[in-house]
Amino acid sequence: MSKGAGRGCFHIFEHGMTMEASHRSTIELELMQAIAQDEFVLHYQPIIRTQEERISGYEALIRWNHPRRGLLSPDQFIPAAEEAGFIVELDRWVLKQACAEMANRDDELSISVNISALGLLRQDLPEFVRTTLADTGLTPGRLELEITETSRVSEAACLATLSQIRNMGVGIAIDDFGTGFASLSYLIDLPVTRIKLDRRFISGIVDSPRCLNIVSSALALARCLDIDVTAEGIENLQQFELLKAAGCKSVQGYFFGKPQRLDAMVPHHQSHGFNRAIM
Ligand code: C2E
Ligand code: MG
Ligand code: MG
Ligand code: MG
């Protein structure tokens, strides 16, 4: 790692950089130590049912509570973890932790976990999911895996693992829908139960009729295929009202709540309805 303090010394973790082979083991070692020393934490962002404005579940989002660099966001270490192949282990830690934390609560809310494409190529993922559900006691129907559109998710190996996981009753969501792999054919091939509309589309709907048309078309497509939709990145009331009018049944974004520790949330049964965040 290079010399210096603050962000500067962290540049090898930044997105899009190719790492020297000699760096790989260092990063992998650091990530492994971080797991062992319990430095990763999960933040949870509420997912809201549009009609009732109530929480239907949470998305688990990882952060690294780094002893020297402070709280790191996923963009600062996920690319490196992917490159080192360590993402498979990291995602499994998240899955276990999130299922355990959610199973402990006395509500029936769902939990969504991001899984890197690399992990989907592993044949033992279904078994890991099955064991995790059994160990934590979480009902399979409360779990959803979020996968990002890449060319790799259309590989036969992914299809096989996803089908097995879907057959357990676990939901499969396509994350960042519309920004990734250009083909829609995975909607035929993969057992998809939800698409998550990327916030890029949502941020434009108030000012751009084109954006709103894209969102409406995606909603229509999902309706035809009997797939659920969650719109990501809702930051204001106008966006929410437009999405509601367009028939979007589920939303997520800073307007309703930023990702935070689960213990910082008001227990669902104690809150009547949902209070929008004050922006
Ligand atoms: P994502 O899965 O699409 O998650 C949504 C991201 O958008 C989160 O960023 C969330 O904090 C942010 N966000 C939510 N609402 C708003 C909003 O209203 N406005 C804005 N500007 N942003 C909003 P975060 O937590 O930094 O995560 C970034 C990405 O890192 C995630 O995107 C996901 O792809 C990846 N990631 C996070 N946790 C994990 C993990 O456990 N495993 C893997 N493989 N990837 C993860
Ligand atoms: Mg996600
Ligand atoms: Mg994602
Ligand atoms: Mg997303």
Side-chain angles (χ1 to χ4, degrees), residues 13-15 31 34-35 39-48 55 57-65 71-99 101-102 110-122 125 128 132 143-150 152-153 171-181 192-206 218 228-240 243 250-261 276-279:
F13 283 100
E14 270 171 20
H15 189 68
L31 291 165
I35 283 201
E39 288 170 11
F40 291 107
V41 288
L42 292 185
H43 283 190
Y44 292 84
Q45 186 177 32
I47 298 169
I48 312 299
I55 301 176
Y58 294 102
E59 176 175 3
L61 295 156
I62 194 170
R63 274 94 181 89
W64 183 355
N65 201 353
L71 200 65
L72 304 180
S73 70
D75 297 338
Q76 292 173 282
F77 59 89
I78 293 278
E82 279 179 336
E83 197 150 341
F86 192 73
I87 190 69
V88 175
E89 197 161 331
L90 203 54
D91 282 347
R92 290 183 185 197
W93 178 87
V94 172
L95 185 63
K96 237 176 164 165
Q97 183 77 12
C99 288
E101 287 196 279
M102 287 305 285
S110 65
I111 177 68
S112 303
V113 176
N114 294 281
I115 301 284
S116 156
L118 218 54
L120 301 175
L121 293 164
R122 292 273 296 262
L125 183 67
F128 185 85
T132 304
L143 177 64
E144 177 174 85
L145 302 188
E146 294 192 3
I147 65 179
T148 304
E149 299 173 66
T150 65
R152 306 219 70 176
V153 300
I172 309 290
I174 301 285
D175 207 350
D176 310 331
F177 180 79
T179 63
F181 192 43
V192 174
T193 52
R194 177 183 306 278
I195 57 177
K196 298 192 74 171
L197 292 179
D198 194 74
R199 83 162 173 272
R200 216 167 303 188
F201 299 116
I202 307 309
S203 63
I205 57 173
V206 174
D228 293 326
V229 179
T230 298
E232 297 187 280
I234 283 79
E235 294 184 345
N236 58 52
L237 181 64
Q238 296 101 293
Q239 291 168 350
F240 176 61
L243 287 163
S250 169
V251 291
Q252 179 180 358
Y254 292 170
F255 183 57
F256 290 99
K258 289 193 172 179
Q260 54 178 323
R261 297 296 305 259
R276 294 167 188 163
I278 297 152
M279 300 299 287

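Both ligands and their constituent atoms are indexed starting at 1 by order of listing.
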Show the atoms of ligand 1 that are less than 4.0 angstrom away from any heavy atom in [X].
X      : value
Pro74  : 24 (P), 25 (O), 26 (O), 27 (O), 28 (C), 30 (O), 36 (N), 37 (C)
Ser116 : 44 (N)
Ile87  : 44 (N)
Glu235 : 17 (C), 18 (O), 19 (N), 20 (C), 21 (N)
Glu232 : 3 (O), 5 (C)

(request) Just give me the atom name: the N, O or S atom of Glu146 closest to the Mg ion (ligand 2). (result)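 Going through the N, O and S atoms of Glu146 one by one, OE1 ends up nearest to the Mg ion (ligand 2).
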(request) Flag the pair Phe201 / Phe177 as yes when their ring centroid distance falls below 6.0 Å, and as no otherwise. (result)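 They do not qualify: ring centres at least 6.0 Å apart.
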Nearest-option assignment for [atom], heavy atoms, candidates [options]:
atom                    : options                       : result
atom 45 (N) of ligand 1 : Ile147, Asn114, Leu72         : Asn114
atom 11 (O) of ligand 1 : Pro46, Ser112, Ala81, Pro259  : Pro259
atom 16 (C) of ligand 1 : Phe256, Tyr254, Trp93, Phe255 : Tyr254
atom 25 (O) of ligand 1 : Gln45, Arg63, His43           : Arg63

Give yes if a backbone or side-chain nitrogen or oxygen of [X] is under 3.5 Å from a nitrogen or oxygen of ligand 1, and no if not.
X      : result
Thr148 : no
Asp75  : no
Arg199 : yes

(request) Could you tell me whether ligand 1 has any atom less than 4.0 Å away from a heavy atom of Lys258? (result)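 No, Lys258 has no heavy atom closer than 4.0 Å to ligand 1.
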[X] side, atom [atom1]; [Y] side, atom [atom2] - distance, nearest 0.5 Å:
X      : Y      : atom1 : atom2 : value
Ile47  : Ile111 : CD1   : CD1   : 7.5 Å
Ile172 : Thr193 : CD1   : OG1   : 6.0 Å
Ile87  : Ile115 : CD1   : CD1   : 9.0 Å

Any idea which part of [X] is under 4.0 Å from ligand 1, heavy-atom wise: side chain, backbone, both or neither?
X      : answer
Asp176 : side chain
Ile62  : both
Val113 : neither
Ile234 : backbone
Val94  : side chain

(request) Give me the ring orientation class for Phe40 and Trp93: parallel if the planes are under 30° apart, tilted from 30 to 60°, perpendicular past 60°. (result)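 Answer is tilted, since the angle falls between 30° and 60°.
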(request) Measure up the Trp64 and Phe77 rings against each other and bin them: parallel (under 30°), tilted (30 to 60°), perpendicular (over 60°). (result)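 Ring orientation, 0 to 90° scale: perpendicular.
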(message) Regarding Glu59, does it place an N, O or S atom less than 2.8 Å from the Mg ion (ligand 2)?
(response)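 True for Glu59.
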(request) Assess Ser112: does it contribute an N, O or S atom lying under 2.8 Å from the Mg ion (ligand 2)? (result)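 Here the distance criterion (N, O or S atom, under 2.8 Å) is not met by Ser112, so no.
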(message) Please check this pair: side chain of Asp91 against backbone of Ser116, looking for a donor-acceptor N/O pair closer than 3.5 Å.
(response)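 It does hold such a pair.
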If every non-hydrogen atom of [X] is compared with every non-hydrogen atom of [Y], which pair is closest and at what distance?
X      : Y      : result
Leu118 : Gly85  : CD2-CA, 3.9 Å
Tyr44  : Glu101 : OH-OE1, 2.7 Å
Gln239 : Gly233 : OE1-O, 3.8 Å
Ser250 : Val229 : CB-O, 3.3 Å

(message) Are Leu61 and Leu42 packed together at the side-chain level, in the sense that at least one heavy-atom pair is separated by less than 4.5 angstrom?
(response)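 When only atoms from C-beta onward are counted, Leu42 and Leu61 do not touch, as no gap falls below 4.5 Å.
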(message) What I'd like to find out is whether the side chain of Arg194 reaches to under 4.5 Å of the side chain of Ser112, using heavy atoms alone.
(response)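 In short, these two side chains do not touch, never coming nearer than 4.5 Å.
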(message) Which atom name does Asp176 have for its N/O/S atom nearest to the Mg ion (ligand 4)?
(response)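 Checking each N, O and S atom of Asp176, the shortest distance to the Mg ion (ligand 4) belongs to OD1.
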(request) Could you walk me through whether Asp176 and Glu232 pass side-chain contact (heavy atoms from CB on, under 4.5 Å), step by step? (result) CA-CA 8 Å; Asp176 310 331; Glu232 297 187 280; 3.3 Å; yes
(message) At less than 2.8 Å, would any N/O/S atom of Asp175, backbone or side chain, sit next to the Mg ion (ligand 4)?
(response)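 Checking Asp175: at least one N, O or S atom is under 2.8 Å.
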